[in-house]
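Taking it in order: structure first as structure tokens, then the write-up.
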Amino acid sequence: MAIAYLGGAVLVVAALAKVMATWSQGWRTRRAAEPVDQALQERAAAAMAAVAERANAAAPATDVVAILGAPTGAADRGVGDGGLAVTRFRAGHTATVVFAQVALTGLSCAAVQSLAAHELAHVIRRARTSAAARYAWVLGYLALVLAGAGLTVTAVVAAPQLAGPAMLATMTAAVAFLALRVAFDRREEIAADLFAVDLMRDLDAAAELMRFYEDNVVRQLPEGVLGRVWARLERRWFASHPEPRARLAAMQRHLASEATDR
């Protein structure tokens with residue numbers, strides 16, 4: 001029973017951490033104190049307008065911030081933990097694609113357009129889904145946790161020896177539910193990548209973007225053995241984005257498959 005409670009506690013922490021990270025992803029964008037060059041704002045808007053015209057879609061609003069998310073703490077990395085760009089959705093407002101300053105200063109024009117095309121894919125795909133569908137997983141997760149909590153409390157009162165296993169089973173199901181959500185997020189990222197490379201037809205630009213992403217966004221593995229093990233576990237099971245190399249390989253296979261079909 002002690003092992004069951006301990007395992008349940010670990011799963012609760014992991015599940016809550018994932019929920020908080022996912023819930024805050026849309027609103028965690030913040031501005032640094034220093035102003036962003038107006039030329040960068042214009043470059044971001046021009047890149048988005050260019051890819052939207054190629055896709056025959058309405059161009060979303062754009063913005064540029066010094067960093068996205070919180071600083072990573074690495075002196076040689078000018079990005080935050082929010083990445084290179086993020087699409088911000090707010091009820092009653094049009095979607096806004098927010099670029100990190102380093103994406104516009106460190107990438108070629110073609111790679112910036114590849115990044116813009118990726119975010120445009122998120123805008124288009126999001127526009128085709130209902131608000132209820134977007135938040136159904138959150139409601140489902142909360143219902144699952146509440147039902148499990150009620151089951152555990154009932155077990156404590158009626159059959160204490162079953163309380164620990166009930167908690168462990170509930171939390172295992174909750175984490176499995178979140179794992180499905182991560183798998184869905186990764187599928188969405190790959191779909192956006194394929195949309196971008198299909199639209200731009202520029203694998204070199206996509207490769208440049210993925211290399212830049214890996215060098216500046218992907219967290220470096222820590223020195224300690226336990227830290228490295230945990231970092232690899234987090235990448236494998238909790239990261240919403242696939243590894244850059246896997247993303248590039250998917251784009252290469254997609255273009256090769258299209259060439260074969262023709």
Side-chain angles (χ1 to χ4, degrees), residues 20-74 77-129 131 134-135 185 188-189 191-193 195-197 199-200 202 205-206 208-210 212-219 240-241 244 247:
M20 292 302 295
T22 303
W23 186 264
S24 65
Q25 186 176 7
W27 55 264
R28 208 161 42 109
T29 302
R30 72 172 182 83
R31 294 180 183 275
E34 63 272 17
V36 175
D37 193 336
Q38 181 62 28
L40 295 182
Q41 299 276 0
E42 295 173 359
R43 185 182 181 191
M48 183 57 72
V51 299
E53 183 178 3
R54 295 187 66 157
N56 195 26
T62 58
D63 194 9
V64 181
V65 294
I67 61 170
L68 281 170
T72 59
R77 292 188 169 196
V79 300
D81 60 0
L84 299 177
V86 65
T87 303
R88 185 167 57 199
F89 298 96
R90 293 181 296 172
H93 297 78
T94 58
T96 301
V97 177
V98 186
F99 293 86
Q101 178 174 274
V102 69
L104 300 171
T105 58
L107 291 169
S108 66
C109 291
V112 171
Q113 288 191 0
S114 182
L115 177 61
H118 176 96
E119 295 302 324
L120 179 63
H122 287 313
V123 174
I124 293 174
R125 292 174 68 86
R126 184 72 174 262
R128 295 173 181 170
T129 61
R134 294 180 208 135
Y135 297 107
D185 288 342
E188 287 293 297
E189 293 301 324
D193 285 339
F195 173 91
V197 76
L199 181 67
M200 306 307 300
D202 191 343
E208 177 190 348
L209 177 59
M210 289 299 104
F212 192 85
Y213 187 91
E214 189 166 18
D215 292 340
N216 293 273
V217 178
V218 176
R219 291 183 182 179
S240 59
H241 288 60
R247 295 171 63 180

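Nothing fancy with the numbering, it's 1 onward along the sequence. What's counted below: heavy atoms across the whole structure, side chains too, no hydrogens, waters or symmetry copies.
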Applying side chain to side chain donor-acceptor pair (under 3.5 Å), name anything that partners E188, two or more places apart in sequence or on another chain. R125
L120 vs V97 side-chain heavy atoms within contact, under 4.5 Å: no
Minimum-distance pair of heavy atoms, taken over all atoms of L115 and A103: CD2-CB, 3.8 Å
Run the side chain to side chain contact (heavy atoms under 4.5 Å, CB included) test on F212 and V102 for me, step by step, so that the C-alpha distance in whole Å, both residues' side-chain angles and the decisive distance to 0.1 Å come before the verdict. CA-CA 10 Å; F212 192 85; V102 69; 3.8 Å; yes
Considering all heavy atoms, the nearest A57-I124 contact: CB-CD1, 4.1 Å
When rounded to the nearest 0.5 angstrom, what is the spacing between NE2 in H241 and OH in Y213? 4.5 Å
Any idea which heavy atoms bring G83 and V217 closest together, and the distance? CA-CG1, 3.9 Å
For A59 and A49 the tightest heavy-atom approach is CB-CA, 4.3 Å
Any side-chain heavy-atom pair of H118 and D193 under 4.5 Å: yes
One should read off an interatomic distance between T96 OG1 and E119 CD, to the nearest 0.5 angstrom, of 12.0 Å
Closest non-hydrogen atoms of F89 and H122, given as atom of the first, atom of the second and distance, are CZ-O, 3.9 Å
Is there a side-chain contact between P60 and T94, using heavy atoms and a 4.5 Å cut-off? no
Is T105 close to D37 at the side-chain level, that is, under 4.5 Å between some pair of heavy atoms? no
Measure across A117 and A196 and return the closest heavy-atom pair with its distance rounded to 0.1 Å. CB-CB, 3.7 Å
All side chain to side chain donor-acceptor pair (under 3.5 Å) counterparts of S108, not counting sequence neighbours: E208
Would you compute the distance between atom CD of Q41 and atom CD of Q101 and round it to the nearest 0.5 angstrom? 9.5 Å
Hey, is the main chain of L199 close enough, under 3.5 Å, to the side chain of R54 for a donor-acceptor pair? yes
